[in-house]
Amino acid sequence: MPTTLQSIQTDLFAHHTLNTGYRSMYAIVDCNNFYCSCERLFKPHLDNKPVVVLSNNDGCIISRSDEAKALGVDMAGPYFMAKPLIKKHDVAVFSSNYNLYGDLSMRVMDTLRVIIGEENVEVYSVDEAFVDLSIFPTQDLERIARDMRETVEQWTGIKVSIGVAPTKVLAKLANRLSKKNKKETDCVMVLDTEEKIRAGLEKTPVGDIWGVGHQYAKKLKEQWFIDDALQLSKMSEEFGRMHLGGVVGVRLIRELNGIASKDMQDELVTKKMIATTRMFGSPVDNIHDIKEAVATYTSRAAEKLRRQYSAASIISVFVVAKGENHNVTFNRGITHSRYTILPTATAFTNELIKPAVALVDHLYKKGTQYKKAGVMLSGLVPDASIQGNLFLPETKNNGRLLMDMIDNINFSQRDDVLKFAASGTTRDWKMRQELRSPRYTTRWEELYEVK
DNA sequence: TCTGGGGTCCTAGGACCC
DNA sequence: TCTGGGGTCCTAGGACCC
């Protein structure tokens, strides 16, 4: 049982023999039922009880504990449809609390960075990270993976499962199998020989491969009778190119055959598009409310923009009308969108709000009920105003300082203390979040109390 | 009454240029 | 006088991911 950082590292680097067999080895570390685990961390009485977490607006179920899964609560199913089942079995329900999840996610990722080294960790999503284990001898991989798992749990309280294999796609496949059979694997599975990989491929339905979604799974089954990953792995790269999205498909086939074709990604890639979109708490038909919402989303998107030191040259706005409601089938409604190309790229909230709100005038139709709106920033370039721009009047640079100040205050308060007037103050359109737990780790007033 | 939000990569095809 | 071929850039849209 690893207890100190030093013992772990001494242990890890102890025997530095050459890796035989595969040239690369990746681990995927995946937090189990992440959002539910976060909620449980501060509510020990919910251990072994069914728990679910809802999406924004309390719309869908986006995380389920094992117990909730066992009861037959559907993933991504609408909350209202699962409600009877949830009531009947006394399932604990929470609105999503992204402050809490984000903070715990950071702790998990930091733990991995400390154990394995920052340069070998790629954060893939809020609850998953790839770890490059290529430098370690094959015979040590299992032990290293188990060490990672135990240490993350000790240091953060979050349980993870880990799959290890020569490629990312195979690591994901191993991870899935480890979770399928927790008792036997204790949430760690290493595929380090051809035989193990073959067995793993055979047990994996084609639709459960990372990179094969609904459409492809259906096509593969209906047209070529390909049901499992082993069958797909035997198809040619050319087949992948023709039928699974071009070079994406080629990579997929290669990865299934143990040839690493998806590299570790640089952590600091700047995004090429930034979006903020939300469903409304209830349908809205008033243009002022829509403008308020769009202004608020624009502020949020602009913050994200500044955080990565970019400026946007295109801003687009879309609204979604409420569809006809045919009781059971979910009608997505019609989306209308328009964009403006800005005269110069900018990261200033006020310069972005103006054109965004103007776009609403073009999109809005009186008498229509809207259920959703969004703002997208694209054409992103490095923000010239960061270092001061000689060719702009002084006031421009003051704007940058003002933006930084607002961002800093809002970040430290986490609740939009400072807003632009266009964002409104009543916010009838804002989302429902009736069941949110306290932000234990990011708000002083909501710290966990020990009795 | 009630179905999330935020992204990525890739291809095809049209416009335009020489 | 009857119409090539190659290149680039852009957009729309399809697929995927968590």
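Just so we're on the same page: letters track the sequence lines, and every chain starts at 1.
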> Taking side-chain contact (heavy atoms from CB on, under 4.5 Å) as the definition, give me every residue that meets it alongside A:Arg251, ordered by chain and number, with sequence neighbours left out.
A:Val247, A:Ser261
> Return the residues of residues 216-228 of chain A meeting this criterion: a heavy atom under 4.0 Å from some atom of DNA chain B. Order them by number, or give none.
none
> Let me spell it out: for each of A:Cys60 and A:Val247, pick the nucleotide of DNA chain B with the closest heavy atom. Which residue's pick is nearer the 5' end?
A:Cys60
> How far does the P atom of B:dC17 sit from the matching atom of C:dT3, given to the nearest Å?
23 Å
> State which residues pass side-chain hydrogen bond (donor to acceptor under 3.5 Å, both in side chains) with A:Glu255; sequence neighbours excluded, sorted by chain then number.
A:Thr167
> Using the 3.5 Å cut-off, write out each protein N or O paired with an N or O of nucleotides 6-8 of chain B and the distance between them.
| residue | atom | partner | partner atom | Å |
| --- | --- | --- | --- | --- |
| B:dG6 | OP1 | A:Arg278 | NH1 | 2.8 |
| B:dG6 | OP2 | A:Thr277 | N | 2.3 |
| B:dG6 | OP2 | A:Thr277 | O | 2.8 |
| B:dG6 | OP2 | A:Thr277 | OG1 | 3.0 |
| B:dG7 | OP2 | A:Ala275 | N | 2.4 |
| B:dG7 | OP2 | A:Ala275 | O | 3.1 |
| B:dT8 | OP1 | A:Lys272 | N | 3.3 |

> What's the NZ-P distance between A:Lys262 and B:dC10, to the nearest Å?
9 Å
> Tell me, do A:Ile353 and A:Thr298 make a side-chain contact under 4.5 Å, heavy atoms counted?
yes
> If only side-chain N and O atoms count, and only distance matters, is there a donor-acceptor pair under 3.5 Å linking A:Lys69 with A:Asn33?
yes
> Return the polar atom pairs (N/O with N/O) between nucleotides 13-15 of chain B and the protein under 3.5 Å, or none.
none

> What pairs with A:Ser313 under side-chain contact (heavy atoms from CB on, under 4.5 Å), at least two apart in sequence or on another chain?
A:Ala345
> Using modelled atom types and a 3.5 Å cut-off, is there a donor and acceptor pairing between side-chain atoms of A:Arg113 and backbone atoms of A:Asn120?
no
> Of the options C:dC18, B:dT3, B:dC10, whose atoms approach the side-chain atoms of A:Arg251 most closely?
B:dC10
> By ring-ring contact (aromatic ring centres under 6.0 Å, His included), which residues pair with A:Tyr124, not counting sequence neighbours?
A:Phe130, A:Trp210
> Under 4.0 Å, heavy atoms only, any strand: does A:Tyr124 hit a base, just the sugar-phosphate, or nothing?
sugar-phosphate
> Please list, chain by chain and in numerical order, all residues satisfying side-chain hydrogen bond (donor to acceptor under 3.5 Å, both in side chains) with A:Ser161, sequence neighbours excluded.
A:Asn32
> Name the one of A:Lys179, A:Arg176, A:Lys159, A:Arg149 that satisfies salt bridge (Lys or Arg N to Asp or Glu O under 4.0 Å) with A:Asp30?
A:Lys179
> CD of A:Gln215 versus P of C:dC16: gap in Å, rounded?
6 Å
> Grab the CG-C1' distance between A:Asp208 and C:dC18 for me, whole Å please.
15 Å
> Sequence neighbours left out, what passes side-chain hydrogen bond (donor to acceptor under 3.5 Å, both in side chains) with A:Lys196? Give chain and number order.
A:Asp192
> In whole angstrom, give the distance that lies between atom CD1 of A:Ile341 and atom P of C:dC10.
10 Å
> Check this for me: A:Met75, atom CE, are more than 12 non-hydrogen atoms of other residues, nucleotides or ligands nearer than 6.0 Å?
yes
> Choosing from C:dT11, C:dC18, B:dC2, which nucleotide comes nearest the side chain of A:Tyr339?
C:dT11
> Keeping A:Lys203 on the side-chain end and A:Ala199 on the backbone end, is there a donor-acceptor pair under 3.5 Å?
no
> In whole angstrom, what separates A:Trp210's CH2 from C:dC18's C1'?
11 Å
> Between C1' on C:dC18 and CD on A:Glu122, what's the gap in Å once rounded to a whole number?
13 Å
> Rounded to the nearest Å, what distance is computed from the CG atom of residue A:Asp263 to the C1' atom of nucleotide B:dC9?
15 Å
> Which residue pairs satisfy the side-chain hydrogen bond (donor to acceptor under 3.5 Å, both in side chains) criterion with at least one member in residues 71-94 of chain A, sequence neighbours excluded?
none
> Can you measure A:Asp127 atom CG to C:dC17 atom P for me and round it to whole angstrom units?
15 Å
> Run the side-chain contact (heavy atoms from CB on, under 4.5 Å) test against A:Val248 and tell me which residues pass, sequence neighbours left out.
none
> Stem list for DNA chain B, please, built from Watson-Crick and G-U wobble pairs under 3.5 Å and keeping only runs of at least 3.
B:5-18 with C:5-18
> Taking any heavy-atom pair under 4.0 Å as a contact, classify A:Ile209: base, sugar-phosphate, or nothing.
sugar-phosphate
